[in-house]
Protein chains: 2
Amino acid sequence: MPTLNTFDKQILRLLQRDGGLSQSQIGEQVNLSTAAVNRRIKSMQAEGIIDGQVAVLDPRRLGYPLTLIVEVRVESERIDLLEEMQRNFLACPQVQQCYYVTGECDFVLIFLVRDMEHYVALSQQLFHANPNIRGFRTMVAMSRLKTGMTVPVDD
Amino acid sequence: MPTLNTFDKQILRLLQRDGGLSQSQIGEQVNLSTAAVNRRIKSMQAEGIIDGQVAVLDPRRLGYPLTLIVEVRVESERIDLLEEMQRNFLACPQVQQCYYVTGECDFVLIFLVRDMEHYVALSQQLFHANPNIRGFRTMVAMSRLKTGMTVPVDD
DNA sequence: CGTGAAAATGGGATTAA
DNA sequence: TTAATCCCATTTTCACG
């Protein structure tokens with residue numbers, strides 16, 4: 001596993017802010033030829049350090065103005081029951097994020113929904129319909145102060 | 001505000017999965033000429049429906065294997081105190097996401113950290129050092145089952 | 001790592017439907 | 001008005017020094 005040098009880190013920081021930058025633009029900003037930038041990017045992609053590239057959409061413009069954070073507590077931790085639950089969560093497009101956690105609850109989900117009615121319907125289907133779910137607690141996001149999947153890139 | 005047709009929605013779904021697709025590849029998949037794809041993408045960018053494009057990095061490969069979800073309860077909701085708090089949260093690169101919420105707590109933060117020691121240090125600085133923070137509750141993510149900022153695109 | 005040439009892609013204009 | 005074809009500018013990629 002190749003250790004990242006200063007150039008690589010600079011490139012990662014730029015790409016994480018704007019994945020649409022051309023390799024020549026990156027080259028200018030970090031003082032490298034486009035060929036060198038190309039090589040480094042390709043190598044980091046092959047290494048799995050760069051996992052991909054995605055378009056960022058505005059949820060409000062697509063009719064999903066509401067963000068909800070939901071904590072789910074389960075009844076039994078039986079592996080087959082947990083896996084079935086996970087499958088249900090992951091299959092739901094409105095479940096934007098899903099974490100399996102330690103602590104006072106078992107899952108934390110982040111929902112993107114059209115309105116509260118929409119969420120009520122989803123929670124019926126995902127939570128109330130599942131006898132292995134002991135309970136859930138919903139928090140409504142008044143503002144999304146920071147979103148994105150940005151990873152710190154240290155010097 | 002232009003209503004999205006079936007082509008636009010198909011394009012959005014593709015780009016959200018892989019922002020690196022060429023316009024001709026998209027054209028093939030949705031049965032459209034590259035020029036048509038180009039115009040639609042540009043229009044959606046201008047509209048703000050497409051907000052940008054970012055590289056997705058693997059946090060583990062960058063030395064950030066731990067994801068934590070933290071609920072913060074504040075003492076006073078005084079606007080100036082809240083804003084100062086927000087500034088501190090947002091300025092911290094290890095705070096990947098930050099939501100201001102209703103419900104049993106006031107903020108939900110998602111951290112990316114190197115290890116627990118790292119988190120302890122950050123929590124000292126962000127939470128214990130702030131007298132307006134009544135308390136916080138930390139959950140450790142055992143698995144990140146679904147991440148990303150994907151927005152549902154309905155038919 | 002940089003240079004330069006070749007290949008691929010992006011983006012505009014024109015034409016056809 | 002909308003999409004397809006063609007064409008040129010830009011970008012990416014590769015071989016070599």
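Every value quoted in this text rests on a predicted model; they were computed, and no experiment measured them. Throughout, protein chains are lettered first and strands after them, A, B, ... in sequence-line order, and every chain is numbered starting at 1. These numbers come from the heavy atoms of this one structure, side chains and all, not from hydrogens, waters or symmetry mates.
Applying the salt bridge (charged side-chain N to carboxylate O under 4.0 Å, His left out) test to residues at least two apart or on different chains, the pairs with a partner in residues 127-147 of chain A are A:E71-A:R137, A:E75-A:R134, A:R137-B:E71, A:R137-B:E104.
Here B:Q23 does not reach the OP1 or OP2 of C:dT9: none of its side-chain N or O atoms lies under 4.0 Å away. For D:dC14, one of the phosphate oxygens OP1 or OP2 lies less than 4.0 angstrom from a side-chain nitrogen or oxygen of A:K42.
When the side-chain hydrogen bond (donor to acceptor under 3.5 Å, both in side chains) test is applied to A:E77, the partners found at least two apart in sequence or on another chain are A:Y100. Take A:E28 and apply the side-chain contact (heavy atoms from CB on, under 4.5 Å) test, not counting sequence neighbours, and it matches no residue. Applying the side-chain contact (heavy atoms from CB on, under 4.5 Å) rule to B:N5 yields the partners B:F7, B:D8, B:R40; only residues at least two apart in sequence or on another chain are considered. Scanning for side-chain hydrogen bond (donor to acceptor under 3.5 Å, both in side chains) contacts around B:S76 gives an empty result, with sequence neighbours left out.
The distance from the OG1 atom of A:T102 to the CG atom of B:L68 is 8.5 Å, given to the nearest 0.5 Å. Note that the CD atom of A:Q86 and the CD atom of A:E84 stand 11.0 Å from one another [nearest 0.5 Å].
Remark: B:S33, B:A35, B:R39, B:R40 in residues 33-40 of chain B come within less than 4.0 Å of DNA chain D through at least one heavy atom. For residues 7-22 of chain B, proximity to DNA chain C is found at B:S22, defined as any non-hydrogen atom under 4.0 angstrom from a strand atom.
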Using a 3.5 Å cut-off and no angle test, enumerate the donor-acceptor pairs between side-chain atoms of residues 120-131 of chain B and protein atoms at least two apart in sequence or in another chain.
from, atom 1, to, atom 2, distance (Å)
B:S123, OG, B:Y119, O, 3.3
B:S123, OG, B:V120, O, 2.9
B:N130, OD1, B:N132, N, 2.8

Which pairs of donor and acceptor atoms, one on a side chain in residues 87-95 of chain A, lie under 3.5 Å apart (sequence neighbours left out)?
from, atom 1, to, atom 2, distance (Å)
A:Q94, NE2, A:Y64, OH, 3.1

Close N or O pairs between protein and nucleotides 14-17 of chain C (under 3.5 Å):
none

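Membership of the apolar cluster around A:M149 extends to A:I69, A:Y99, A:V101, A:V108, A:I110, A:M139, B:I69, B:Y99, B:V101, B:V108, B:I110, B:M139, B:M149, as traced through chained side-chain contacts below 4.5 Å between ILVMFWY residues. Apart from B:L81 itself, the hydrophobic cluster it occupies contains nothing, where clustering links Ile, Leu, Val, Met, Phe, Trp and Tyr at side-chain heavy-atom distances under 4.5 Å.
What separates CD of B:E28 from C1' of D:dA4 is a distance of 15 Å, to the nearest Å. Separating the CD atom of A:Q53 from the P atom of D:dT12 is a distance of 10 Å, rounded to the nearest angstrom. A straight line from CD1 of B:I41 to P of D:dA3 spans 14 Å, rounded to a whole angstrom. Distance B:N31 CG to D:dT2 P: 19 Å, rounded to the nearest Å.
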